Amino acid sequence: MSAPAPGRPRTAGTIALFVAAALLAVLGVALLVTPADPSPSDGAIAAPSTTSRPTTTAEEEPVRPQPSATAPSPASPTPSTTLTEALPREAADVARKFTTAWASHDARRDAAFSDAGVRAAVYASGDLATDLRETSTRSAHQWQEWKATGTRVTAKVTGVEVPDGAPAPSNGLAYARVFYDLVVAPKHGTAQHSTEQLALELRQDSSGWRVTALPNA
């Protein structure tokens with residue numbers, strides 16, 4: 001009877017080792033390619049996020065700068081440094097009446113150009129009142145034209161104010177600028193309209209306010 005082949009048992013053990021090594025290799029590859037579970041376990045506590053998010057609560061709104069208490073607001077008016085004091089009521093009233101009488105003429109009724117001066121002298125005093133009552137020939141030619149055409153000259157005061165640069169009324173002295181509309185209307189024909197102004201000096205005496213000078217006349 002022949003003996004078994006001496007190399008068989010060694011061959012079987014070698015094959016078993018190769019199979020085991022292959023299994024281990026496959027298992028290792030499977031572990032490497034399988035992704036880890038990103039979700040936390042039931043008992044794990046999620047780590048706080050490091051990314052800050054804007055909040056809408058009133059406490060964390062950005063602080064707006066407040067206007068300075070000493071700086072004027074853009075909407076607030078700036079006090080004027082050039083305001084002039086208003087004329088006294090009585091002085092302004094005399095200025096209106098004087099101007100209306102001085103600048104108005106009626107060639108249909110008046111005897112002379114100076115009649116207007118006589119009417120204005122009631123609201124004047126001093127040398128001015130004397131001059132206004134005197135007959136003057138300065139406007140003789142103009143008066144002759146008005147008499148020929150039956151012209152009426154009417155003055156209507158539109159405003160009275162302290163002139164720019166004039167001192168404020170004080171100590172019984174005041175300066176006024178009177179604005180008035182002047183209408184020169186002949187009996188037949190087209191009337192002429194213009195805007196005029198007259199500067200006055202007024203002083204207060206025992207009779208009240210009176211016009212004492214015509215600075216620019």
Side-chain angles (χ1 to χ4, degrees), residues 72-73 75-147 149 151-186 190-217:
S73 171
S76 60
T78 303
S80 173
T81 58
T82 59
L83 292 178
T84 56
E85 186 174 341
L87 281 169
R89 184 186 300 272
E90 293 181 1
D93 186 52
V94 169
R96 290 188 184 93
K97 293 178 179 179
F98 176 90
T99 301
T100 301
W102 179 83
S104 298
H105 304 270
D106 189 350
R108 304 174 196 178
R109 294 183 179 181
D110 293 346
F113 185 91
S114 58
D115 286 0
V118 174
R119 291 190 290 267
V122 176
Y123 309 101
S125 64
D127 293 340
L128 177 61
T130 302
D131 293 342
L132 290 171
R133 291 187 178 97
E134 292 179 353
T135 302
S136 174
T137 59
R138 290 182 303 173
S139 302
H141 180 69
Q142 179 69 76
W143 182 249
Q144 289 177 359
E145 290 184 355
W146 286 351
K147 288 292 288 185
T149 56
T151 298
R152 286 177 177 172
V153 181
T154 305
K156 181 179 181 180
V157 175
T158 58
V160 181
E161 64 181 33
V162 177
D164 294 338
S170 63
N171 299 324
L173 174 64
Y175 294 91
R177 186 178 301 278
V178 183
F179 298 88
Y180 61 97
D181 292 334
L182 193 66
V183 179
V184 181
T190 304
Q192 298 178 355
H193 299 261
S194 63
T195 300
E196 309 292 339
Q197 55 181 288
L198 180 66
L200 306 177
E201 176 192 270
L202 299 98
R203 293 183 181 273
Q204 189 178 28
D205 56 21
S206 58
S207 301
W209 287 94
R210 293 291 182 268
V211 179
T212 54
L214 308 180
N216 298 326

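Bear in mind the structure is a predicted one, so any value in this text is a computation, not a measurement.
Counting all heavy atoms, side chain and backbone alike, D205 lies closest to S207 at OD1-N, 2.8 Å. Between L128 and A213, the shortest heavy-atom contact is CD2-N, 3.6 Å. Closest non-hydrogen pair, W209 versus P88, comes out as CZ2-CG, 3.9 Å. A174 and P169 make their closest contact through CB-CB, 3.9 Å (heavy atoms, listed as atom of the first residue, atom of the second, distance). Between A176 and L87, the closest heavy-atom pair is CB-CD1, 3.5 Å. When all heavy atoms of A199 and N216 are compared, the closest pair comes out as CB-ND2, 3.7 Å.
When atom types are taken as modelled, the side chain of T158 and the backbone of F179 share a donor-acceptor pair closer than 3.5 angstrom.
The neighbour count for E196 CD, taken as heavy atoms of other residues, nucleotides or ligands under 6.0 Å away, is above 12. Around the CD atom of Q192, the shell of radius 6.0 Å holds no more than 12 heavy atoms that belong to other residues, nucleotides or ligands.
The distance from the CD atom of Q197 to the CG atom of L182 is 13.0 Å, given to the nearest 0.5 Å. From L202, atom CG reaches atom OG of S125 across 9.0 Å, with rounding to the nearest 0.5 Å. With rounding to the nearest 0.5 angstrom, the CG atom of D115 is 13.0 Å from the CZ atom of R133. We find the CG-OG1 distance between D127 and T212 to be 9.5 Å, quoted to the nearest 0.5 Å.
By the 30° and 60° cut-offs, the orientation of the rings of W146 relative to H105 is tilted.
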Exercise. Please step through side chain to side chain contact (heavy atoms under 4.5 Å, CB included) for the pair L200 and T99, ending with a clear verdict.
Key: CA-CA 9 Å; L200 306 177; T99 301; 4.0 Å; yes
Practice problem: Determine, stepwise, if the pair L198 / F98 fulfils side chain to side chain contact (heavy atoms under 4.5 Å, CB included). | Solution: CA-CA 10 Å; L198 180 66; F98 176 90; 4.2 Å; yes
Exercise. Could you walk me through whether E201 and L173 pass the side chain to side chain contact (heavy atoms under 4.5 Å, CB included) test, one step at a time?
Key: CA-CA 8 Å; E201 176 192 270; L173 174 64; 3.9 Å; yes
Practice problem: May I have the step-by-step check of side chain to side chain contact (heavy atoms under 4.5 Å, CB included) for W102 and L214, ending in yes or no? | Solution: CA-CA 11 Å; W102 179 83; L214 308 180; 3.9 Å; yes
Exercise. Would you please test R89 and D93 for salt bridge (Lys or Arg N to Asp or Glu O under 4.0 Å) and show each step?
Key: CA-CA 6 Å; R89 184 186 300 272; D93 186 52; over 6 Å; no
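Screening residues 166-178 for salt bridge (Lys or Arg N to Asp or Glu O under 4.0 Å) gives no qualifying pairs among residues at least two apart or on separate chains.
A 4.5 Å side-chain heavy-atom check between T151 and P186 finds at least one atom pair inside the cut-off. Residues D110 and R119 meet the side-chain proximity criterion, which asks for heavy atoms closer than 4.5 Å. Side-chain contact between Y180 and K156: absent, with no pair of heavy atoms (C-beta onward) separated by less than 4.5 Å. Counting heavy atoms from C-beta on, the side chains of V184 and V153 come closer than 4.5 Å.
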